[in-house]
Amino acid sequence: MNENINTYSKELYKFQEEHGYFTANPNENKPRFTIMIPPPNITGNLHLGHAFTMTMQDIIIRYKRMCGYDTLLLPGTDHASIATQMLVEKDLKTKGIDRKTIGREEFLNHAWQWKNKYTGNIQNQLRQICYSADWSRERFTLDEGLNEAVKEAFVRMYNDGLIYKDKRLVNWDPSLLTSLSDLEVDMIETNGNMWHIRYDIENSDDYIIIATTRPETMLGDTGIAVNPNDERFKHLIGKKAILPILNRKIEIVADDYADMEKGTGAVKITPAHDFNDFEVGKRHNLKIINILHDNATIDTSNIKETNDFIQSLEGKDRFEARKIIIEKLKETNHLIKIENYTHQVPHSQRGGAIVEPRLTEQWYLDVSSMAKKSIDLVKKGKLEFIPKMWENTFFAWLSNIEPWCISRQLWWGHQIPAYYTEDGKIIVAKTKEEAQKQAGENVKLTQDEDVLDTWFSSGLWPMSTLGWPNEDAIDFKTYFPTSSLITGFDIIFFWVARMVMFSVYFTNKAPFEKVICHGLVHDEHGQKMSKTKGNVIDPLDLINEFDIDSVRWTICTLSGQGRNINFGKTNVENGRKFITKLKNAINFWEQKGLSSATKFNTNSSIAITNWIIDKMNLAIKNATKAIENYRYDEYAQTIYHFVWDDFCDNFIELSKSELNGTNKDIILSSAKLVIQNILKMLQPVIPSTTALLWKQLNFGTDTEFLFESYPHEEKILTDNIYDIDWLLQIINVIRNIRAENKIGFKTQINVAFKAINPNMKEYLNTLQNHTNINITIQNNNMTDFVIDKDTTISIEIPNTNKNEELEKIKEELKEIEKHITSLKNQLSNKSFIEKAPTQVIEDRKETLKKLEERKIALEKLNG
RNA sequence: GGGUGAUUAGCUCAGUUGGCUAGAGCAUCUCGUUUACACCGAGAGGGUCGGGAGUUCGAGUCUCUCAUCACCCACCA
């Protein structure tokens, strides 16, 4: 029992993995239950959030395995194109290597090395948390099969006209030198300035003032927009303004985009560097002048109105140029006002560079129709979100979705299967050979340099990992669509929506039946975990400090339905306490001779064994309901209370006085059954501890314990169930009396007792002898060992001389009277009687009756 | 600006379709080593369920409204 559970856990897992216990078998004639891992990025080690989501998956898989399913928990990792490339580049930089000098191929070698290292770490970590995954089916988003799937998907969608190339503004990361999708851009509130700049009107003394947060973009201004209804500027529409410094003449146009309330009401238009301006420019045929290089330094080559000052800006960083231009505007008296201004500025999610809209040619995927289909699928109930509220989020995003920019100017990823002839013709094909065939033997082809957005391949994950595009693959036929997806709500857009869209498009089916969205891990006070706050908890540290099962148990108890999972070490301490408590309880039974217990037999039972079996049945019922509904917290809580309150505090205490008597074996056999079922119910959550106990108690083999069948409710003769709450009351009252030495205490317990209890007399005698307390039975309908329902037991301790208890009785009387009055009022209310369901009325009457009995009893004691 | 969710005991949270005196864990206080367990046991205190209004025989639960907080989406004048 003192074996180090972490060590044991590793050995057990190793054995089970090596013997293929986690391996799915499509040939078995069993129902299927499949979960795909949300593939972790190979950018680092697993964090606590991963531990949560993976443990939740594993719990349900282990549960289903016990329920007789052929389970598949498919593991794998994601190449995480942009994030990984960034880290590999950074890593190379520390070695003094620049990616551009070593070239694409060499760089990819480094990236693969990186991949192998981190995949290894991740695999080990998953094994350490007992993730019972089918490693024979492990996949990586850049492996051969997935490459095949990605190419197939791309070619098909291209041929269907959904994938196309387009030149338009795109979110550009000037640090990583790649395009980004809308989702990869974070708007961050930033303190900045609003500069008011005067633009003079051509051939006039008049002028117009515009406000901007990015004055350097004026180099690319080709117009000014005012609202057509704005009286202030109506007279200027159609006239030309003179751009300061450059003296470029730009047109003043009327456009609804100009908001009269915002800024000065007049807005400068820079079509090459602002999404809205681009649209305005298109409407009014304004020129597009690009003024930035790809790394966001000033590019003067497109500026016709150049001069020495402009020349001096060439190659300067955008923010430096901003300062210089502001100074110049001050000098020339064009700067009217500087305001402090907080606004949302787009930052790259990776690396944090400020994103610039940039005019480039990129590949886009038109997702509008698959988005619609995906929405329908959920609305029709073919795909269910748990909790349901996330469906709204899903709908909201999909119902106004823009074309998805899928190309990235990176090396690490799926290279786009598009080939160009020398005269610029595009051929899209899965292989170069195929493209060559289409182009003709002698045509020189070069493949598109770009790679695909990493989410393109993860979007295909549930299909590609099972063998798609080969729809006859045995795994695909057997395990697709999968059962449940368990993941954090933060990737509903990035990942879930994309998987649904692709799956709907290619198979007309949802890729899973249910999506379970859990909250994100925060610290114990609900604060986000971050390195700067110093509140990050490493799951491996936790496992070392406590143990794997305590951690898994804690994860289970905390996995509620909320948005935040508040996690503190105290939680794990409590988890460990629970497991210790269970071990101690089992230890008690071992000492009492559990090993010699015979098989539990319904026919030979006594009050307390029936009671505990009844409680056990209730626990099994509630636990099953909870886990079936993915209510991990309720699952854990149900078992917790059953083990701690019913099994330990009450059953053991009740049994103690019986264990020397004739009922010993009956009690031991019921204890054995209960322990077995507790271990089984806990196996999905704490697989190692339960397996070890299973072995040590000689219930069976520990390594195969995970295949034991999940407990079912045990049959009891229904007329033989005892309500022994009163017995517990007696025990506790006596303990309390002894504890507080309350001499002169009188109390009375009403018995709602359903049937014969053959041990009654013996039990009471034992208690009397042990405690020197008088126990008398009132309302004496008792013939020897029978207690009727209305029997009242009173306990009395001699030497009445304290009135502390009398005070308490008086207080309770007051409370009861209040309650009785309110119940009586309710029951005499005509509308209540007419409208309330009969069950409710009956319940109220029953309560009233009980209360009145209690009142009489208390009054007697009160004297 | 649009949306979603939250607000219940000192803290962290449960509370299924409205139904008996609103629960748990932790924390606090009192008492206690009795046949496993001090990683323990017995007990106690602590809540006008964010404010207000409405529907109902009955509201923590449904509707409206206000307030505060969190998150998501959109927005670089």
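Not measured: the values here are computed from a predicted model. Atoms considered below: every heavy atom in the structure, side chains included; atoms not considered: hydrogens, waters and symmetry mates. Labels below follow one simple rule: chain letters A, B, ... track the order of the sequence lines, proteins then strands, and each chain is numbered from 1.
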Legend entry - From B:A36, B:U16, B:G19, nucleotide with atom closest to A:Phe832 side chain: B:G19

Inset, instruction - Mind checking side-chain contact (heavy atoms from CB on, under 4.5 Å) for A:Lys581 and listing every partner two or more places apart, or none if nothing turns up? - result: A:Trp644, A:Cys648, A:Asp649

Legend entry - Those residues that, when tested against A:Trp390, pass ring pair (Phe, Tyr, Trp, His ring centres under 6.0 Å) (two or more places apart): A:Phe489

Legend entry - Rounded distance [0.5 Å steps], CZ in A:Arg198 versus OG1 in A:Thr264: 13.5 Å

Inset, instruction - When you get a sec, tell me which of B:A24, B:U4, B:C26 is the closest nucleotide to the side chain of A:His641? - result: B:A24

Inset, instruction - Describe the nucleic acid contact of A:Leu851 in one word from base, sugar-phosphate, nothing, applying a heavy-atom distance below 4.0 Å. - result: base

Inset, instruction - Would you mind telling me which of B:C39, B:U4, B:A36 lies closest to the side-chain atoms of A:Ile652? - result: B:A36

Inset, instruction - Would you check if the distance from the ring center of A:Phe578 to the ring center of A:Tyr640 is below 6.0 Å? - result: yes

Legend entry - Pair A:Tyr635 and A:Tyr630, ring centroids less than 6.0 Å apart: no

Output a table of nitrogen or oxygen pairs between the protein and nucleotides 75-77 of chain B separated by less than 3.5 Å.
residue : atom : partner  : partner atom : Å
B:C75   : N4   : A:Gln344 : NE2          : 2.9
B:C76   : OP1  : A:Asn276 : ND2          : 2.7
B:C76   : O4'  : A:Gln344 : O            : 3.2
B:C76   : O2'  : A:Thr213 : OG1          : 3.2
B:C76   : N4   : A:Val355 : O            : 2.7
B:A77   : OP1  : A:Tyr341 : OH           : 3.3
B:A77   : O3'  : A:Ala211 : O            : 2.8
B:A77   : O3'  : A:Thr212 : N            : 3.2
B:A77   : O2'  : A:Gly263 : N            : 3.4
B:A77   : N6   : A:Tyr257 : O            : 2.8
B:A77   : N6   : A:Asp259 : N            : 3.0
B:A77   : N1   : A:Asp259 : N            : 2.9
B:A77   : N1   : A:Asp259 : O            : 3.4

Legend entry - Residues, nucleotides or ligands: over 12 heavy atoms within 6.0 Å of A:Asn400 CG: yes

Inset, instruction - Kindly point out which of B:C40, B:C13, B:U4 is positioned nearest to the side chain of A:Asn566? - result: B:C13

Legend entry - Non-neighbouring partners of A:His819 that pass ring pair (Phe, Tyr, Trp, His ring centres under 6.0 Å), sequence neighbours left out: none

Inset, instruction - Return the set of residues passing ring pair (Phe, Tyr, Trp, His ring centres under 6.0 Å) with A:Phe493 (not counting sequence neighbours), or none when no residue passes. - result: A:Trp397

Legend entry - Heavy-atom donor-acceptor pair, A:Lys818 side-chain to B:U21 base, under 3.5 Å: no

Inset, instruction - Ignoring the backbone of A:Val840, work out which of B:U4, B:G19, B:G25 is nearest its side chain. - result: B:G19

Which protein N or O atoms sit under 3.5 Å from an N or O of nucleotides 46-48 of chain B?
none

Inset, instruction - Kindly write out the residues that satisfy side-chain contact (heavy atoms from CB on, under 4.5 Å) with A:Pro271, not counting sequence neighbours, or none if the list is empty. - result: A:Thr222, A:Ile269, A:Leu286, A:Ile288

Inset, instruction - Would you indicate which nucleotide in B:U35, B:A74, B:U16 comes nearest to any side-chain atom of A:Asp182? - result: B:A74

Legend entry - Set of residues satisfying ring pair (Phe, Tyr, Trp, His ring centres under 6.0 Å) with respect to A:Tyr632, sequence neighbours excluded: none

Inset, instruction - Report the nucleotide, chosen from B:U16, B:A36, B:A24, that has the shortest atom-to-atom distance to any side-chain atom of A:Lys656. - result: B:A36

Legend entry - Minimum-distance nucleotide to A:Asp649 side chain [options: B:U21, B:G25, B:G41]: B:G41

Legend entry - Minimum side-chain heavy-atom gap A:Thr689-A:Trp553 below 4.5 Å: no

Legend entry - Options B:G25, B:A36, B:G19, nucleotide nearest the side-chain atoms of A:Tyr640: B:G25

Inset, instruction - Using a heavy-atom cut-off of under 4.0 Å over every strand shown, decide if A:Lys592 touches base, sugar-phosphate, or nothing. - result: base

Legend entry - Side chain A:Lys581 and base B:C39 donor-acceptor under 3.5 Å: no

Inset, instruction - Take the angle between the ring planes of A:Tyr341 and A:His343 and call it parallel below 30°, perpendicular above 60°, tilted in between. - result: tilted

Legend entry - Nucleotide nearest A:His819 (side chain, heavy atoms from C-beta), chosen from B:A36, B:U21, B:C26: B:U21

Might you list the N or O atoms of the protein lying below 3.5 Å from N or O atoms in nucleotides 67-73 of chain B, with each pair's distance?
none

Inset, instruction - Please name all residues satisfying side-chain contact (heavy atoms from CB on, under 4.5 Å) with A:Thr638, sequence neighbours left out, ordered by chain then number. - result: A:Ala619, A:Asn622, A:Ala623

Inset, instruction - Would you mind classifying the nucleic acid contact of A:Lys388 as base, sugar-phosphate or nothing, using non-hydrogen atoms under 4.0 angstrom? - result: nothing

Inset, instruction - Name all stems that contain residues of RNA chain B, defined as runs of 3 or more consecutive Watson-Crick or G-U wobble pairs, both distances under 3.5 Å. - result: B:1-7 with B:67-73, B:10-13 with B:23-26, B:28-32 with B:40-44, B:50-54 with B:62-66

Legend entry - Minimum side-chain heavy-atom gap A:Ile197-A:Ile336 below 4.5 Å: no

Legend entry - Residues in salt bridge (Lys or Arg N to Asp or Glu O under 4.0 Å) contact with A:Lys664, at least two apart in sequence or another chain: none

